[in-house]
Amino acid sequence: MSIKKKLSVVALFVASALSTSALSASALAAEGDNLKNPKFVEDSSYALGVLMGKNIQQVVETQKDFIVYNQAKIIEGLNQTLDGKSKLDDKQLEQQLRQLDQELAAVVAKQEAQDAKDNADKGAEFRKEYAKKDGVKSTKSGLLYRVEAGGAAGDSKVEPTDTVKVHYQGKLINGEEFDSSYKRGEPIEFQLNQLIPGWIEGIPLINKGGKIELVIPPELGYGEHATGNIPPNSTLIFNIELLDVKKANAAGKK
(Lines give C-alpha, C1' and ligand atoms only; values in the text may rest on other atoms or scores of the structure.)
Protein backbone atom coordinates (compact mmCIF):
# COMPACT_ATOMS: atom_id res chain seq x y z
CA MET A 1 0.00 0.00 0.00
CA SER A 2 1.29 3.45 -0.88
CA ILE A 3 1.96 6.17 1.70
CA LYS A 4 -0.93 8.23 0.32
CA LYS A 5 -3.41 5.37 0.74
CA LYS A 6 -2.22 4.70 4.28
CA LEU A 7 -2.74 8.36 5.18
CA SER A 8 -6.28 8.62 3.82
CA VAL A 9 -8.51 9.34 6.80
CA VAL A 10 -11.65 8.94 4.72
CA ALA A 11 -10.60 5.50 3.51
CA LEU A 12 -9.75 4.33 7.01
CA PHE A 13 -13.07 5.43 8.48
CA VAL A 14 -15.07 3.96 5.60
CA ALA A 15 -13.29 0.63 6.12
CA SER A 16 -14.01 0.86 9.83
CA ALA A 17 -17.69 1.53 9.22
CA LEU A 18 -17.98 -1.40 6.84
CA SER A 19 -16.28 -3.81 9.24
CA THR A 20 -18.43 -2.61 12.15
CA SER A 21 -21.60 -3.03 10.08
CA ALA A 22 -20.61 -6.56 9.18
CA LEU A 23 -19.91 -7.33 12.82
CA SER A 24 -23.31 -5.99 13.90
CA ALA A 25 -25.16 -7.97 11.22
CA SER A 26 -23.35 -11.15 12.24
CA ALA A 27 -24.15 -10.62 15.91
CA LEU A 28 -27.83 -9.94 15.23
CA ALA A 29 -28.07 -13.03 13.05
CA ALA A 30 -26.98 -15.18 15.96
CA GLU A 31 -30.08 -14.24 18.01
CA GLY A 32 -28.58 -15.87 21.09
CA ASP A 33 -29.60 -15.41 24.70
CA ASN A 34 -26.22 -13.78 25.39
CA LEU A 35 -27.50 -10.59 23.78
CA LYS A 36 -29.60 -10.07 26.92
CA ASN A 37 -26.89 -11.12 29.35
CA PRO A 38 -25.57 -7.97 31.15
CA LYS A 39 -22.02 -9.33 31.46
CA PHE A 40 -21.92 -10.27 27.78
CA VAL A 41 -23.29 -6.85 26.80
CA GLU A 42 -20.65 -5.11 28.96
CA ASP A 43 -17.83 -7.17 27.48
CA SER A 44 -19.10 -6.61 23.94
CA SER A 45 -19.47 -2.89 24.55
CA TYR A 46 -15.89 -2.73 25.76
CA ALA A 47 -14.73 -4.72 22.74
CA LEU A 48 -16.53 -2.28 20.45
CA GLY A 49 -14.72 0.57 22.18
CA VAL A 50 -11.39 -1.22 21.68
CA LEU A 51 -12.21 -1.70 17.99
CA MET A 52 -12.92 2.00 17.56
CA GLY A 53 -9.82 2.87 19.57
CA LYS A 54 -7.63 0.68 17.38
CA ASN A 55 -8.93 2.37 14.25
CA ILE A 56 -8.25 5.80 15.73
CA GLN A 57 -4.83 4.62 16.93
CA GLN A 58 -4.03 3.46 13.40
CA VAL A 59 -4.80 6.92 12.02
CA VAL A 60 -2.79 8.69 14.74
CA GLU A 61 0.22 6.38 14.42
CA THR A 62 0.33 6.46 10.62
CA GLN A 63 0.19 10.23 10.49
CA LYS A 64 2.32 11.14 13.51
CA ASP A 65 5.16 12.48 11.37
CA PHE A 66 2.80 14.98 9.74
CA ILE A 67 0.22 15.98 12.35
CA VAL A 68 -0.12 15.63 16.13
CA TYR A 69 -3.80 15.19 16.93
CA ASN A 70 -5.42 16.63 20.04
CA GLN A 71 -6.39 13.49 21.96
CA ALA A 72 -8.82 15.39 24.19
CA LYS A 73 -10.71 16.57 21.10
CA ILE A 74 -10.77 13.04 19.69
CA ILE A 75 -12.38 11.78 22.89
CA GLU A 76 -14.76 14.76 22.95
CA GLY A 77 -15.89 14.05 19.41
CA LEU A 78 -16.37 10.38 20.21
CA ASN A 79 -18.38 11.02 23.39
CA GLN A 80 -20.57 13.71 21.84
CA THR A 81 -21.30 11.50 18.84
CA LEU A 82 -22.31 8.61 21.12
CA ASP A 83 -24.57 11.01 23.01
CA GLY A 84 -26.12 12.23 19.75
CA LYS A 85 -24.70 15.72 20.24
CA SER A 86 -22.04 15.92 17.53
CA LYS A 87 -21.16 19.45 16.41
CA LEU A 88 -20.71 18.21 12.82
CA ASP A 89 -23.37 16.90 10.49
CA ASP A 90 -22.41 14.31 7.86
CA LYS A 91 -21.63 16.94 5.22
CA GLN A 92 -19.41 18.93 7.57
CA LEU A 93 -17.65 15.75 8.70
CA GLU A 94 -16.89 14.71 5.14
CA GLN A 95 -15.72 18.22 4.26
CA GLN A 96 -13.32 18.37 7.22
CA LEU A 97 -11.88 14.92 6.59
CA ARG A 98 -11.43 15.55 2.88
CA GLN A 99 -9.64 18.80 3.63
CA LEU A 100 -7.40 16.88 6.01
CA ASP A 101 -6.70 14.29 3.31
CA GLN A 102 -5.77 17.05 0.86
CA GLU A 103 -3.38 18.68 3.32
CA LEU A 104 -1.73 15.35 4.09
CA ALA A 105 -1.47 14.45 0.39
CA ALA A 106 0.30 17.75 -0.34
CA VAL A 107 2.86 17.16 2.42
CA VAL A 108 3.45 13.57 1.32
CA ALA A 109 3.88 14.60 -2.33
CA LYS A 110 6.52 17.12 -1.30
CA GLN A 111 8.33 14.52 0.79
CA GLU A 112 8.19 11.91 -1.99
CA ALA A 113 9.66 14.41 -4.45
CA GLN A 114 12.54 15.12 -2.07
CA ASP A 115 13.05 11.40 -1.44
CA ALA A 116 13.12 10.75 -5.18
CA LYS A 117 15.80 13.42 -5.66
CA ASP A 118 17.86 12.07 -2.75
CA ASN A 119 17.60 8.53 -4.10
CA ALA A 120 18.69 9.66 -7.55
CA ASP A 121 21.72 11.50 -6.14
CA LYS A 122 22.76 8.64 -3.86
CA GLY A 123 22.28 6.13 -6.67
CA ALA A 124 24.44 8.12 -9.06
CA GLU A 125 27.24 8.27 -6.47
CA PHE A 126 26.93 4.55 -5.78
CA ARG A 127 27.13 3.67 -9.49
CA LYS A 128 30.14 5.93 -9.90
CA GLU A 129 32.03 4.03 -7.20
CA TYR A 130 30.77 0.61 -8.31
CA ALA A 131 32.04 1.24 -11.85
CA LYS A 132 35.60 1.41 -10.45
CA LYS A 133 35.52 -2.16 -9.13
CA ASP A 134 37.43 -4.95 -10.81
CA GLY A 135 35.55 -6.74 -13.55
CA VAL A 136 32.74 -4.21 -13.79
CA LYS A 137 31.64 -3.18 -17.27
CA SER A 138 28.98 -0.82 -18.55
CA THR A 139 26.68 -0.53 -21.53
CA LYS A 140 25.69 2.57 -23.50
CA SER A 141 22.39 2.71 -21.62
CA GLY A 142 24.16 3.04 -18.26
CA LEU A 143 23.71 -0.54 -17.10
CA LEU A 144 26.60 -1.75 -14.96
CA TYR A 145 27.40 -5.43 -14.69
CA ARG A 146 29.95 -7.95 -13.50
CA VAL A 147 29.91 -11.47 -14.96
CA GLU A 148 30.74 -14.05 -12.32
CA ALA A 149 30.27 -17.03 -14.64
CA GLY A 150 29.62 -16.83 -18.36
CA GLY A 151 27.67 -20.06 -18.60
CA ALA A 152 27.64 -22.73 -21.30
CA ALA A 153 29.89 -21.80 -24.20
CA GLY A 154 28.38 -22.02 -27.66
CA ASP A 155 24.78 -21.51 -26.56
CA SER A 156 22.78 -19.12 -28.69
CA LYS A 157 22.24 -15.67 -27.25
CA VAL A 158 19.19 -15.19 -25.06
CA GLU A 159 16.52 -13.22 -26.94
CA PRO A 160 13.87 -10.94 -25.40
CA THR A 161 11.10 -13.34 -26.45
CA ASP A 162 12.76 -16.31 -24.69
CA THR A 163 11.58 -17.61 -21.33
CA VAL A 164 14.30 -17.65 -18.69
CA LYS A 165 14.44 -19.66 -15.48
CA VAL A 166 16.41 -17.84 -12.82
CA HIS A 167 17.38 -17.64 -9.20
CA TYR A 168 17.91 -14.06 -8.11
CA GLN A 169 18.29 -11.62 -5.25
CA GLY A 170 17.31 -7.95 -5.48
CA LYS A 171 18.75 -5.28 -3.15
CA LEU A 172 18.79 -1.54 -2.72
CA ILE A 173 22.10 0.31 -2.46
CA ASN A 174 21.77 0.37 1.34
CA GLY A 175 21.86 -3.43 1.31
CA GLU A 176 18.15 -3.88 2.03
CA GLU A 177 16.80 -6.92 0.24
CA PHE A 178 13.45 -6.36 -1.48
CA ASP A 179 13.06 -9.68 -3.30
CA SER A 180 14.69 -13.10 -3.44
CA SER A 181 13.78 -16.35 -5.15
CA TYR A 182 16.39 -18.01 -2.93
CA LYS A 183 14.37 -17.13 0.17
CA ARG A 184 11.21 -18.46 -1.47
CA GLY A 185 13.07 -21.73 -2.02
CA GLU A 186 12.46 -22.09 -5.75
CA PRO A 187 13.54 -20.42 -8.99
CA ILE A 188 11.08 -18.57 -11.17
CA GLU A 189 10.41 -18.34 -14.90
CA PHE A 190 9.79 -15.13 -16.86
CA GLN A 191 9.42 -14.22 -20.48
CA LEU A 192 12.36 -11.86 -20.69
CA ASN A 193 10.61 -9.03 -22.54
CA GLN A 194 8.04 -8.75 -19.73
CA LEU A 195 10.70 -7.58 -17.28
CA ILE A 196 12.32 -4.22 -16.52
CA PRO A 197 14.73 -2.88 -19.19
CA GLY A 198 17.79 -3.61 -17.03
CA TRP A 199 16.98 -7.31 -17.01
CA ILE A 200 16.10 -7.40 -20.71
CA GLU A 201 19.52 -5.95 -21.49
CA GLY A 202 21.50 -7.68 -18.77
CA ILE A 203 20.49 -11.33 -18.86
CA PRO A 204 21.60 -11.88 -22.51
CA LEU A 205 25.13 -10.99 -21.35
CA ILE A 206 25.42 -14.55 -19.98
CA ASN A 207 24.41 -18.01 -21.17
CA LYS A 208 22.61 -20.85 -19.44
CA GLY A 209 24.42 -21.70 -16.21
CA GLY A 210 25.88 -18.20 -15.95
CA LYS A 211 25.85 -15.79 -13.04
CA ILE A 212 25.84 -12.02 -13.20
CA GLU A 213 25.52 -9.00 -10.95
CA LEU A 214 23.55 -6.10 -12.40
CA VAL A 215 23.50 -2.56 -11.07
CA ILE A 216 20.51 -0.93 -12.68
CA PRO A 217 19.96 2.85 -12.80
CA PRO A 218 16.39 4.10 -12.20
CA GLU A 219 15.66 4.69 -15.88
CA LEU A 220 16.28 0.99 -16.55
CA GLY A 221 14.36 -0.08 -13.45
CA TYR A 222 11.18 1.40 -12.02
CA GLY A 223 12.05 5.05 -12.61
CA GLU A 224 10.34 7.73 -10.56
CA HIS A 225 7.61 5.42 -9.30
CA ALA A 226 7.67 3.61 -5.98
CA THR A 227 6.98 -0.10 -6.40
CA GLY A 228 6.32 -2.27 -3.36
CA ASN A 229 9.35 -1.88 -1.09
CA ILE A 230 11.31 -0.08 -3.81
CA PRO A 231 11.41 3.72 -3.33
CA PRO A 232 11.24 6.08 -6.33
CA ASN A 233 14.41 6.66 -8.37
CA SER A 234 16.12 3.64 -6.80
CA THR A 235 19.30 2.14 -8.16
CA LEU A 236 18.79 -1.64 -8.03
CA ILE A 237 21.31 -4.42 -7.46
CA PHE A 238 20.48 -7.87 -8.77
CA ASN A 239 22.48 -11.06 -8.43
CA ILE A 240 21.12 -13.44 -11.05
CA GLU A 241 21.76 -17.09 -11.82
CA LEU A 242 20.48 -18.17 -15.25
CA LEU A 243 19.36 -21.78 -14.81
CA ASP A 244 17.60 -22.45 -18.09
CA VAL A 245 16.45 -20.85 -21.31
CA LYS A 246 13.40 -21.85 -23.34
CA LYS A 247 13.71 -20.50 -26.84
CA ALA A 248 10.60 -18.80 -28.16
CA ASN A 249 10.74 -20.77 -31.42
CA ALA A 250 11.35 -24.15 -29.79
CA ALA A 251 7.66 -25.09 -29.84
CA GLY A 252 7.59 -24.84 -33.62
CA LYS A 253 10.43 -27.29 -34.06
CA LYS A 254 9.58 -31.00 -34.23
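FYI, the numbering just counts along the sequence from 1.
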One should read off an interatomic distance between His225 NE2 and Ile230 CD1, to the nearest 0.5 angstrom, of 13.0 Å
Within a radius of less than 6.0 Å around CD of Gln95, do more than 12 heavy atoms belonging to other residues, nucleotides or ligands occur? no
Same cluster (ILVMFWY, side-chain, under 4.5 Å), Ile173 and Leu143: no
Lys91 bridged to Glu94 by N-O distance under 4.0 Å: no
Side chain to side chain, Thr227 and Phe178, heavy atoms closer than 4.5 Å: no
Are Ile196 and Leu144 connected into the same hydrophobic cluster when the rule is that any two of I, L, V, M, F, W, Y join if their side-chain heavy atoms are below 4.5 Å apart? no
With sequence neighbours left out, the residues meeting side chain to side chain contact (heavy atoms under 4.5 Å, CB included) with Lys117 are Gln114, Asp121
Would you call Val60 and Ile74 a side-chain contact if the rule is heavy atoms closer than 4.5 Å? yes
Salt-bridge contact Lys171-Asp179 (side-chain N to carboxylate O under 4.0 Å): no
Measure across Pro187 and Leu243 and return the closest heavy-atom pair with its distance rounded to 0.1 Å. CB-CD1, 3.5 Å
Evaluate the side-chain proximity of Val164 to Val158: yes if any heavy-atom separation is below 4.5 Å, no if none is. yes
Of all the heavy-atom pairs spanning Gln169 and Glu177, show the shortest one and how long it is. NE2-OE1, 2.7 Å
Distance-minimising heavy-atom pair for Val136 and Ala131: CG1-CA, 3.9 Å
Less than 4.5 Å apart, side chain to side chain, heavy atoms only: is that true for Val147 and Ile206? yes
Are Leu214 and Ile188 co-members of a hydrophobic cluster defined by side-chain heavy atoms under 4.5 Å apart? yes
How long is the straight-line distance from CG of Asp101 back to CZ of Arg98, given to the nearest 0.5 Å? 7.5 Å
In this structure, CG of Leu205 is separated from CG of Leu242 (nearest 0.5 Å) by 11.0 Å
Is the closest basic N to carboxylate O distance between Asp162 and Lys246 below 4.0 Å? no
Tyr130 side chain to Glu213 side chain, donor-acceptor N/O pair below 3.5 angstrom: yes
Shortest non-hydrogen contact between Ile200 and Leu192, atoms and distance: CG1-O, 3.2 Å
Is there a side-chain contact between Leu48 and Tyr46, using heavy atoms and a 4.5 Å cut-off? no
Rounded to the nearest 0.5 angstrom, the OH-CD1 distance for Tyr145 and Ile240 is 13.5 Å
Is the count of non-hydrogen atoms from other residues, nucleotides or ligands lying under 6.0 Å from Asp89 atom CG greater than 12? yes
Donor-acceptor pair, Ser234 side chain versus Pro231 backbone, under 3.5 Å? yes
Beyond-backbone contact of Leu220 with Glu201, side-chain heavy atoms, under 4.5 angstrom: yes
Working to the nearest 0.5 Å, report the span between CG of Asp115 and NZ of Lys110. 12.5 Å
Applying side chain to side chain contact (heavy atoms under 4.5 Å, CB included) between Tyr222 and each of Asn233, Leu236, Ile216, report the one that passes. Leu236
Distance-only, no hydrogens or angles: does the Asn34 side chain make a donor-acceptor pair with backbone N or O of Asn37 under 3.5 Å? no
What I want to find out is whether Lys39 reaches Asp43 closely enough, with some N-O distance under 4.0 Å, to be called a salt bridge. yes
Is Phe66 close to Val108 at the side-chain level, that is, under 4.5 Å between some pair of heavy atoms? yes
When you group the ILVMFWY residues by side-chain heavy-atom contacts below 4.5 Å and let the links chain together, are Phe238 and Tyr182 in the same group? no
Establish whether Ile56 and Tyr69 are linked, either directly or via other cluster members, by ILVMFWY side-chain heavy-atom contacts under 4.5 Å. yes
Please answer whether the main-chain N or O of Tyr168 pairs with a side-chain N or O of Ser181 as donor and acceptor at a distance below 3.5 Å. yes
Can you tell me if Glu103 uses its side chain to pair, donor with acceptor, with the backbone of Leu100 under 3.5 Å? no
Please determine whether a side-chain nitrogen of the Lys or Arg among Lys73 and Glu76 lies less than 4.0 Å from a carboxylate oxygen of the Asp or Glu. yes
Pairwise distance CD(Gln63) to CD(Gln58) - rounded to 0.5 angstrom: 9.5 Å
What pairs with Glu125 under side chain to side chain contact (heavy atoms under 4.5 Å, CB included), at least two apart in sequence or on another chain? Lys128, Glu129
Search all heavy atoms of Pro218 against all heavy atoms of Thr235 and return the closest pair with its distance. CD-OG1, 3.9 Å
Does the side chain of Phe126 come within less than 4.5 Å of Val215's, by heavy atoms? yes
Do you know which two heavy atoms are closest between Thr139 and Ser141, and how far apart they sit? OG1-OG, 2.9 Å
